[in-house]
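Heads up: the structure comes next, in structure tokens.
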Amino acid sequence: MRFWRDEEQFDLPSCVVALGTFDGVHKGHQALIRQAMELARELDTACVAYTFYEHPLRVLCPERAPRMLLSPFEKREKLQAMGIDGLLMRNFTPEYAATEPVTYLEGLVSRMRVKGVVAGFNYTFGAGGRGNADLIRSEADRLGYRAVIVDAVMDEGDVVSSTLLRRLKEQGETERFTRLFQLKDPR
């Protein structure tokens, strides 16, 4: 698996990019990565996960930042085990957070030669978190990429999320936590 710390280092001819914080690489994240891998195969290009070293809230609102489920190293290892071609893991800074959502997408597409963007239904990005799944879809034709928005993965009536996993861990629900957290059938 290739690894980059920012878009300027990216050196592949093109890619499908999977966007997310990927804190935990739980079953919901795994579904998103698998869809990105499928789209990359279809478009005959690399599948690259795009994420951050720290949770964005650690920069934006430190008092509300959740405890990370995985260290950056563990996140990298788990994503690599899924079989992606590359990982771009960058620092999240106030300057980065202030980027207008459309400007962010334009830069991402041009610097990484993006053929496809895969994100979760609740993914937000850009200044004020104003970028979302609708914007990813609406900019696809203009910017020349395929957009795939992944629906929620459900378990026992709950959306599988890092928030759910933190709650399960705190409540001692280790069996369910482990089932939703573990990596199964990579690739």
Side-chain angles (χ1 to χ4, degrees), residues 1 3 16-39 47-84 87-94 96-99 101 104 117-137 147-187:
M1 177 182 78
F3 181 75
V16 164
V17 65
L19 301 174
T21 304
F22 301 124
D23 176 20
V25 193
H26 54 63
K27 296 296 182 199
H29 294 145
Q30 292 170 34
L32 190 148
I33 295 292
R34 285 193 181 92
Q35 287 206 25
M37 291 170 66
E38 184 178 312
L39 181 60
C47 177
V48 175
Y50 185 110
T51 190
F52 310 104
Y53 282 99
E54 61 283 313
H55 195 287
L57 281 177
R58 201 168 288 288
V59 171
L60 299 173
C61 192
E63 65 279 359
R64 288 190 26 232
R67 214 168 355 107
M68 298 294 279
L69 292 166
L70 294 174
S71 72
F73 176 78
E74 291 167 325
K75 183 190 309 192
R76 181 177 176 170
E77 292 295 305
K78 206 166 178 184
L79 287 166
Q80 183 173 4
M82 289 199 67
I84 61 174
L87 171 63
L88 192 149
M89 189 182 302
R90 66 169 294 145
N91 286 318
F92 191 89
T93 65
Y96 179 81
T99 306
Y104 166 78
V117 175
V118 180
F121 70 101
N122 59 352
Y123 184 72
T124 60
F125 61 95
R130 292 190 315 272
N132 58 27
D134 290 337
L135 182 65
I136 291 170
R137 280 190 200 102
V148 175
I149 304 304
V150 179
D151 290 330
V153 171
M154 303 298 291
D155 181 79
E156 297 180 19
D158 294 316
V159 173
V160 177
S161 67
S162 297
T163 301
L164 173 64
L165 268 83
R166 283 185 199 89
R167 189 183 83 220
L168 294 174
K169 191 174 185 177
E170 288 168 9
Q171 294 173 348
E173 294 187 44
T174 55
E175 185 178 312
R176 187 174 177 207
F177 173 88
T178 302
R179 179 171 49 81
L180 296 176
F181 193 68
Q182 70 187 11
L183 185 61
K184 279 197 176 176
D185 32 76
R187 296 176 232 259

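Computation of the quantities below employed the complete heavy-atom set of this structure, encompassing side-chain atoms and omitting hydrogens, waters and symmetry-equivalent molecules.
Between Phe92 and Leu60, some side-chain heavy-atom pair lies under the 4.5 Å cut-off. Looking only at side-chain heavy atoms (C-beta outward), Val160 and Met154 stay at 4.5 Å or farther from each other. The shortest side-chain heavy-atom distance between Pro66 and Thr163 does not fall under the 4.5 Å cut-off. Under the 4.5 Å side-chain criterion, counting only non-hydrogen atoms from C-beta, Val118 is in contact with Val150.
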Next on the checklist: If you apply the rule side chain to side chain contact (heavy atoms under 4.5 Å, CB included), what do you find for Val153 with Val159, and how did you get there?
Outcome noted: CA-CA 6 Å; Val153 171; Val159 173; over 6 Å; no

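If you take OG on Ser71 and CD on Glu77, they are separated by 9.0 Å, rounding to the nearest 0.5 Å. From Tyr104, atom OH reaches atom OG1 of Thr99 across 9.0 Å, with rounding to the nearest 0.5 Å.
Looking at every heavy atom in both residues, Val16 comes nearest to Ala36 through CG1-O, 3.7 Å. The two atoms that bring Ala119 and Ile136 nearest to each other are CB-CD1, 3.7 Å, heavy atoms only. Taking every heavy atom of both residues into account, Gly120 and Leu32 meet most closely at N-CD1, 3.2 Å.
Under the 6.0 Å distance and 45° angle rule, Lys78 does not count as a cation-pi partner of Phe22.
Ring orientation note: the planes of Tyr50 and Tyr96 are close to parallel, at an angle under 30° on the 30°/60° scale.
When the shell of 6.0 Å around CD of Glu38 is examined, it contains 12 or fewer heavy atoms from other residues, nucleotides or ligands.
Side-chain N or O atoms of Thr51 include none that pairs as donor or acceptor with a backbone N or O of Met89 at under 3.5 Å. Under the 3.5 Å distance criterion, the side-chain polar atoms of Gln30 are matched with a main-chain donor or acceptor of Gln182.
Applying the salt bridge (charged side-chain N to carboxylate O under 4.0 Å, His left out) test to Arg176 and every residue at least two apart in sequence or in another chain returns Asp155, Glu156, Asp158.
A salt bridge links Arg67 with Glu170: the closest approach of a Lys/Arg side-chain nitrogen to an acidic carboxylate oxygen falls below 4.0 angstrom.
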